[in-house]
Amino acid sequence: MFRASIQRQCENTRSEHLAILRQTPLQPALRCLAPRYAFSHLYSTESAAAQANREGEFAPVPSAPVTRFGELSQLGVNDRLIEALTRGMGYDAMTEVQAMTINPALKGSDMVAQAKTGTGKTLAFLVPVFQRVLTDQPDLADPRARRRSSSEDIRAIILSPTRELAEQIGAEARKLAKNTSIVVQTAVGGTRKREALFKMWREGCDILVATPGRLNDLLSDPEAKVAAPKLQAFVLDEADRMLDVGFSDEIRSIQDLLPSHTQVERQTLLFSATIPRDVVHLAKSMVRPDNFEFVQTVKSDDVPTHERVPQHLVTVQGFENIFPTILEILHKANTAQDSSVPFKAIVFFSNTASVQFASEVFRKTPAFIRGSGTHIYEIHSKLTQGQRTSSADYFRRASSAVLFSSDVTARGMDFPNVTDVIQIGLPPDRDQYVHRVGRTGRAGNSGKGWLILAEQEVPEARSRLPGLPIKPNDTLESPKHVLGDSSASGDVSRFFSEVSNAYQSVPKSSFRAVSDVITLLNNWCLRAMGWAETPAVPPKIAQNRNLARAPGIRIGFDVSEEPVERGYGNRGYGNRGYDNRSGRDFSFKRDDGFESRGRSEHSSPRGGGNFRGSTSFGARAPSNRNSFEDRFASRAGGGDRGGRGGGQRYTPRASF
DNA sequence: AAAAAAG
């Protein structure tokens with residue numbers, strides 16, 4: 001009943017730039033967190049509020065929410081901050097996400113905000129955090145404050161799942177701090193700890209933006225003299241990622257190193273695109289149950305990934321067609337009649353080895369790439385942090401470039417003017433697909449999404465990517481070209497021959513296929529790359545994955561799996577890597593494989609993971625946490641226990 | 001041996 005009424009109101013009040021509160025399956029899960037709903041401030045029309053009030057379920061609406069940064073003084077925001085926002089950073093109107101989160105967050109309550117990635121999320125938490133720090137220490141507003149900031153008295157901590165994102169948030173925070181004496185520091189892995197520490201000791205630190213590992217390290221190291229005994233605010237950006245397995249232990253231990261809520265009253269803000277069910281209890285342990293709000297935003301120019309960015313499905317005949325297809329996309333963009341906007345693309349792969357291989361190949365297609373004026377960059381976790389940072393910086397500033405990327409950059413990264421997002425192989429899950437597409441079409445620009453799959457992957461993609469406007473695209477010639485077919489156009493022949501030449505000078509990688517894509521991979525290696533043998537699958541792995549008798553498989557070892565002489569990598573950093581986590585130099589051995597994992601067909605039927613086979617490009621097994629959307633989709637069909645009132649829900653289908 | 005994140 002209750003939920004049904006919220007649902008109804010939402011449909012009723014949906015209009016132009018209106019903040020929309022959507023009823024979803026998440027809310028029942030989160031209800032236990034919120035003794036009362038205090039959503040009234042989210043309704044931007046009187047009628048909705050009036051209706052809510054009439055039904056006796058909501059408190060009366062106070063004043064209209066502030067939607068311009070310039071008017072934030074109404075909510076007690078310091079003038080210095082407002083000046084930095086409006087004059088320094090040039091912001092005026094808030095985005096919907098900002099309006100919906102800044103208003104309640106300034107009241108000081110904890111918050112779980114579900115907001116899709118896009119511009120503006122960072123400020124949505126920075127503004128309340130900064131104001132909270134200033135409210136507690138008003139003298140910090142004075143840029144010439146005499147007070148000495150200390151690394152042992154950090155007042156706000158912001159955590160991000162990747163180093164680059166932390167740096168990006170840090171840069172934004174520094175702009176906001178400009179007219180004050182608030183000191184913002186970043187602490188991320190892969191950098192020299194001593195150096196960052198000296199800087200912190202010298203300059204002090206009021207607001208720290210960090211990645212979990214490094215923060216944990218700093219807080220637990222007494223020598224580091226980093227502490228936050230009076231912590232006022234704690235933010236998790238991309239909270240669903242942060243509370244995921246692999247991160248959650250780290251987050252827990254960080255929390256243990258911080259003062260408890262009972263000692264020091266702090267504000268916790270969790271920002272997340274999705275909130276998987278198994279993350280709820282952790283979220284619950286982080287917020288104050290009596291002072292908590294859940295804000296869900298659906299922002300009109302935030303649905304863009306689903307609506308604004310056209311997304312093309314390109315089906316390739318074989319793996320050997322993928323790289324030429326990328327060249328063709330590049331070429332078409334550059335020669336189009338209206339190609340006033342330079343081609344700037346991110347090519348996503350689901351594993352590091354594929355990224356490395358692709359960028360090596362593309363660096364070796366000099367005639368084409370040089371002729372196009374496009375720069376090639378690469379980013380993934382096997383590069384040193386220095387290499388990662390420089391790739392990100394160069395790509396950020398480049399006008400025409402291709403960035404080959406793992407999922408490091410899939411979330412939150414703001415590279416300006418990306419025209420195309422190209423995803424190779426099955427994306428790991430729907431969320432990740434959407435996040436990747438979200439790297440383009442930002443800030444009102446247009447963009448294009450491409451999903452490049454082998455035919456065999458399409459059925460799985462169909463079930464993995466429901467409810468997205470992905471349209472089959474047959475306008476390219478390279479995807480269907482069969483090697484040796486002389487009827488191909490000059491352009492297509494050139495794409496293939498350039499790629500083919502590049503293969504020759506790229507060291508042999510180790511490839512491993514899984515079940516139904518074995519043939520695809522075999523064909524690529526044999527026909528296009530000119531290998532004498534099909535790629536080998538080591539016996540153990542073949543056994544583990546139930547591939548021992550899969551058709552077409554070759555059990556054994558590849559040449560590349562034996563140590564290769566050091567030094568082949570000095571042609572470019574892409575060839576060499578330094579594992580900055582283990583500190584091992586792995587340039588002598590491409591032991592990282594060019595593969596992915598998955599179960600063979602015998603895997604469980606539906607549910608847990610009906611992941612069937614994958615390619616080197618494709619996918620890792622889908623995450624076992626159902627995404628928010630997934631659950632939404634899966635519950636929508638049948639009689640949902642909560643009853644969905646008048647809301648007609650349908651099960652999203654794939655559009656292709 | 002999925003990416004990411006401490007050394």
Side-chain angles (χ1 to χ4, degrees), chain A residues 159-167 187-194 196-197 210-221 224 226 236-238 240-254 257 348-356 379-385 388 404-413 423 425-429 431-433 435-436 509-514 535 537-538 540-545 547 561 578-584 586 589-599 609 611 614-625:
Chain A
L159 281 179
S160 132
T162 66
R163 299 165 181 174
E164 285 75 12
L165 190 52
E167 296 290 358
V188 300
T191 56
R192 270 187 293 252
K193 188 176 154 190
R194 299 291 301 172
L197 273 181
T211 46
R214 180 55 66 89
L215 178 64
N216 210 353
D217 184 20
L218 292 179
L219 288 174
S220 50
D221 177 1
V226 171
L236 291 192
D237 194 17
E238 306 290 347
D240 52 343
R241 266 312 188 238
M242 304 294 281
L243 301 177
D244 198 355
V245 280
F247 269 130
S248 59
D249 286 351
E250 201 102 58
I251 303 291
R252 245 186 280 261
S253 96
I254 286 170
L257 294 162
F348 283 105
F349 296 85
S350 298
N351 64 57
T352 312
S354 303
V355 180
Q356 291 177 315
I379 191 165
H380 50 76
S381 68
K382 290 207 171 141
L383 299 176
T384 65
Q385 190 51 38
R388 279 171 59 165
F404 289 94
S405 179
S406 70
D407 279 333
V408 224
T409 65
R411 287 170 174 251
M413 291 303 293
Q423 307 197 32
L426 285 169
D429 56 41
D431 287 349
Q432 209 66 10
Y433 172 89
H435 279 291
R436 289 165 167 186
S509 291
S510 54
F511 289 91
R512 282 156 211 167
V514 178
V537 178
K540 251 191 208 154
I541 291 175
Q543 200 175 4
N544 287 344
R545 301 192 187 166
L547 290 174
E561 308 201 64
Y578 179 76
D579 184 339
N580 49 24
R581 298 186 62 83
S582 66
R584 259 182 320 127
F586 63 85
K589 189 180 171 189
R590 286 288 296 259
D591 65 347
D592 42 74
F594 189 63
E595 64 147 315
S596 68
R597 52 189 283 145
R599 270 171 258 151
F611 176 62
S614 73
T615 71
S616 32
F617 293 123
R620 30 206 219 238
S623 136
N624 54 5
R625 317 168 293 130

To the nearest angstrom, how far is [X] atom [atom1] from [N] atom [atom2]?
| X | N | atom1 | atom2 | value |
| --- | --- | --- | --- | --- |
| Lys382(A) | dA1(B) | NZ | P | 9 Å |
| Asn351(A) | dA1(B) | CG | P | 13 Å |
| Asn216(A) | dG7(B) | CG | P | 12 Å |
| Met242(A) | dA3(B) | CE | C1' | 14 Å |
| Asp244(A) | dA3(B) | CG | P | 14 Å |
| Gln356(A) | dA3(B) | CD | P | 10 Å |
| Leu215(A) | dA4(B) | CG | C1' | 16 Å |

Between [options], which one does the side chain of [X] approach most closely?
| X | options | value |
| --- | --- | --- |
| His380(A) | dA6(B), dA3(B), dA4(B) | dA4(B) |
| Arg388(A) | dA6(B), dA3(B), dA4(B) | dA4(B) |
| Asp217(A) | dA6(B), dA3(B), dA5(B) | dA6(B) |
| Glu164(A) | dA3(B), dA5(B), dA6(B) | dA5(B) |

- Item | Arg163(A) side-chain N/O to dA4(B) phosphate OP1/OP2 under 4.0 Å | no
- Message: List the residues meeting side-chain hydrogen bond (donor to acceptor under 3.5 Å, both in side chains) with Arg194(A), not counting sequence neighbours, and say none if there are none.
- Response: none
- Item | For Asp221(A), side-chain hydrogen bond (donor to acceptor under 3.5 Å, both in side chains) partners two or more places apart | Lys193(A)
- Phe349(A) and Ser354(A) have their tightest heavy-atom pair at CD2-CB, 3.6 Å
- Message: Which heavy atom of Asp237(A) sits nearest to which heavy atom of Pro161(A), and what is that distance?
- Response: O-CD, 3.7 Å
- Hey, does Gly246(A) reach any base, or is it just sugar-phosphate, or nothing, if we go heavy atoms under 4.0 Å? base
